[in-house]
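A short worksheet on the structure shown next.
Worth saying up front: this structure is predicted, and the values here are computed from it rather than measured.
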Amino acid sequence: MTRDDDIEATRRRGSMTDLEYEEYADGEVARRHPRRKELLTAVQQATAGLLSTVEAMDDASVHEPSLLPGWSRAHVISHLARNADGCVNLLTWARTGVEHAMYASRQDRDADISEGSLRNHRLLLEDVAAASGRLAEAFRTLPEPAWYAEVEVAPGKSIPAHQIPRIRLFEVRVHSVDLNHGFGFDDIPREEIEWLLNDAVRQFGGRPDVPPLSLEVEFTDGSSSVWRLGTPNSPEHRVRGTPGAALGWLLGRTGPQQLAGTPPELPSWL
């Protein structure tokens, strides 16, 4: 482990995951970072899975509750469509150098999601498929120099454009689980879930109220990784588990029952 592994992190419990609205930790977990081609392929595959999941619903099931309090599956699907369009806005900014905010405002974003949630199954499927297609085309046609352009995912929060595929992957995989329609954290491919765990640690960083925690994740290929969260050089809670159980717990989607060790009570996100 390196010094960069000692990152403070927390989790969001019972609310939706939006990387575009959260700070990354100051440090970065020392792991192999996926190449752009790997990420774009992963986004493509995750999107195909998402569309298959949505297609398998009907007008009744699409309006049933998701795993997110207060949101139906239709809210989640509408959010994923608007998130794709928001990512296209950022890529347009990167390509042209002219500012294109991800969303006009947080209020407009929420209103668009609420409006979309009222649609029927066919329109929701067409919307998320079309928005995902626009994003795939924007990824495909982005000139090489534009991948390194700085864009703002929220006021005052800049990232290079090459991080956008990773943000989108996190959104699609996590919210596919939130749809609660046959896809779970254990269904996320081995490499992808390690990327998501790493991003969750980075996303949830910077909170002084996180108890010191050593999280060991055991992958199906026999390998393992360790993340240290909370205040460095303090007595640690030691937690061990599978990738799906660990990620679900960190994101507040599942409890600690499937984890070994001494999982602490983590603070709520807000």
Using the side chain to side chain contact (heavy atoms under 4.5 Å, CB included) rule, take Val62 and Ile77 through it: C-alpha gap first, then chi angles, then the decisive distance, then the call.
CA-CA 9 Å; Val62 80; Ile77 297 164; 3.6 Å; yes
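- A search for salt bridge (Lys or Arg N to Asp or Glu O under 4.0 Å) contacts involving Glu144 returns Arg36, not counting sequence neighbours.
- Residues Leu229 and Glu236 have side chains not in contact (no heavy-atom distance under 4.5 Å, counting atoms from C-beta outward).
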* To do: Please step through side chain to side chain contact (heavy atoms under 4.5 Å, CB included) for the pair Leu213 and Trp227, ending with a clear verdict.
  => CA-CA 8 Å; Leu213 166 65; Trp227 284 266; over 6 Å; no
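- Side chain of Asn120 to backbone of Asp59: no donor-acceptor contact under 3.5 angstrom is found.
- Between Ala161 and Ala146, the shortest heavy-atom distance links the atoms CB-O, 3.4 Å.
- Applying the side-chain hydrogen bond (donor to acceptor under 3.5 Å, both in side chains) criterion to Ser117, with sequence neighbours excluded, gives His75.
- Every residue two or more places apart in sequence or in another chain was checked for a ring-ring contact (aromatic ring centres under 6.0 Å, His included) with His121, and none qualifies.
- From Ser223, atom OG reaches atom CZ of Arg190 across 4.0 Å, with rounding to the nearest 0.5 Å.
- Connection of Leu118 to Leu179 is not established within any shared hydrophobic cluster, with ILVMFWY side chains joined at heavy-atom distances below 4.5 Å, either directly or through further cluster members.
- A distance of 7.5 Å separates CZ of Arg166 from CH2 of Trp195, quoted to the nearest 0.5 Å.
- Ile164 is listed as a side-chain neighbour of Phe139, based on a closest heavy-atom distance under 4.5 Å.
- With sequence neighbours left out, Glu152 forms a salt bridge (Lys or Arg N to Asp or Glu O under 4.0 Å) with no residue at all.
- When all heavy atoms of Val43 and Pro165 are compared, the closest pair comes out as CG2-O, 3.3 Å.
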> Run the side chain to side chain contact (heavy atoms under 4.5 Å, CB included) check on Phe170 and Leu251 step by step: do they pass?
Replying inline: CA-CA 12 Å; Phe170 198 106; Leu251 301 187; 4.1 Å; yes
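- The local environment of CD in Glu115 is sparse, with at most 12 non-hydrogen atoms from other residues, nucleotides or ligands closer than 6.0 Å.
- In plain terms, the two heavy atoms of Cys87 and Leu135 that are nearest each other are CB-CD1, 3.6 Å.
- Partners of Asp108 according to the side-chain hydrogen bond (donor to acceptor under 3.5 Å, both in side chains) rule, which considers only residues two or more places apart in sequence or in another chain, are Ser105.
- Note that CD1 of Ile193 and CG of Asp199 are 12.0 Å apart. Values are rounded to the nearest 0.5 Å.
- Closest of all the heavy-atom pairs between Val239 and Pro264 is CG2-CD, 4.1 Å.
- The salt bridge (Lys or Arg N to Asp or Glu O under 4.0 Å) pairs that include a residue from residues 87-97 number zero, where partners must be two or more places apart or lie in different chains.
- Across all non-hydrogen atoms, the minimal contact from Phe219 to Pro243 is CD2-CG, 3.4 Å.
- Taking both residues in full, the closest heavy atoms of Glu38 and Arg35 are given as OE1-N, 2.8 Å, listed atom of the first, atom of the second, then distance.
- Checked by atom type and distance alone, the side chain of Thr41 pairs as donor or acceptor with a backbone atom of Lys37 at under 3.5 Å.
- Residues Leu80 and Ser132 fail the side-chain proximity criterion, which asks for heavy atoms closer than 4.5 Å.
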Tell me which donor-acceptor pairs under 3.5 Å the side chains of residues 122-131 have, and how far apart each pair is, sequence neighbours excluded?
{"from": "Arg122", "atom 1": "NH1", "to": "Glu126", "atom 2": "OE1", "distance (Å)": "3.3"}
{"from": "Arg122", "atom 1": "NH1", "to": "Glu126", "atom 2": "OE2", "distance (Å)": "3.0"}
{"from": "Asp127", "atom 1": "OD1", "to": "Arg82", "atom 2": "NH2", "distance (Å)": "3.0"}
{"from": "Asp127", "atom 1": "OD2", "to": "Arg82", "atom 2": "NH1", "distance (Å)": "2.8"}
{"from": "Asp127", "atom 1": "OD2", "to": "Arg119", "atom 2": "NH1", "distance (Å)": "2.8"}

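- When side chains are defined from C-beta on, Ile188 counts as touching Phe185, because their heavy atoms get closer than 4.5 Å.
- Ser176 places no side-chain N or O within 3.5 Å of a backbone atom of Leu50 that could act as its donor or acceptor partner.
- To the nearest 0.5 Å, the span separating CG on Leu196 from CG on Leu247 amounts to 6.0 Å.
- Every residue was checked against the salt bridge (Lys or Arg N to Asp or Glu O under 4.0 Å) condition with Glu216, not counting sequence neighbours, and none meets it.
- No side-chain heavy atom of Leu259 sits less than 4.5 Å from a side-chain heavy atom of Arg240.
- In this structure, Thr254 contributes its side chain and Trp249 its backbone to a donor-acceptor pair below 3.5 Å.
- Between Val226 and Ser214 there is a side-chain heavy-atom pair separated by less than 4.5 Å.
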- Given His175 and Leu68, is the side chain to side chain contact (heavy atoms under 4.5 Å, CB included) satisfied, shown in steps? CA-CA 9 Å; His175 287 313; Leu68 299 178; 4.1 Å; yes
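- A donor-acceptor contact closer than 3.5 angstrom is absent between the side chains of Glu218 and Thr242.
- In this structure, a donor-acceptor pair under 3.5 Å is absent between the side chains of Asn180 and Arg73.
- With Asp112 contributing its side chain and Arg109 its backbone, the two residues share no donor-acceptor pair below 3.5 Å.
- Qualifying side-chain hydrogen bond (donor to acceptor under 3.5 Å, both in side chains) partners for Gln45, counting only residues two or more places apart in sequence or in other chains: none.
- In this structure, Leu90 CG and Ile159 CD1 are separated by 6.5 Å, a value rounded to the nearest 0.5 Å.
- Judged as a side-chain hydrogen bond (donor to acceptor under 3.5 Å, both in side chains), and not counting sequence neighbours, the contacts of Ser61 are Asp58.
- Looking at residues two or more places apart in sequence or on another chain, you find a salt bridge (Lys or Arg N to Asp or Glu O under 4.0 Å) between Arg134 and Asp85.
- Remark: Trp93 CH2 to Glu150 CD distance equals 9.5 Å, nearest 0.5 Å.
- A salt bridge does not link Glu171 to Arg168: none of the charged nitrogens lies less than 4.0 Å from a carboxylate oxygen.
- Looking only at distances, a side-chain donor or acceptor of His100 sits under 3.5 Å from a matching main-chain atom of Val98.
- Within the 4.5 Å cutoff, side-chain heavy atoms of Thr47 are placed close to those of Leu51.
- Under the 4.5 Å side-chain criterion, counting only non-hydrogen atoms from C-beta, Pro263 is not in contact with Gln258.
- Under the ring-ring contact (aromatic ring centres under 6.0 Å, His included) criterion, His162 pairs with Tyr148, not counting sequence neighbours.
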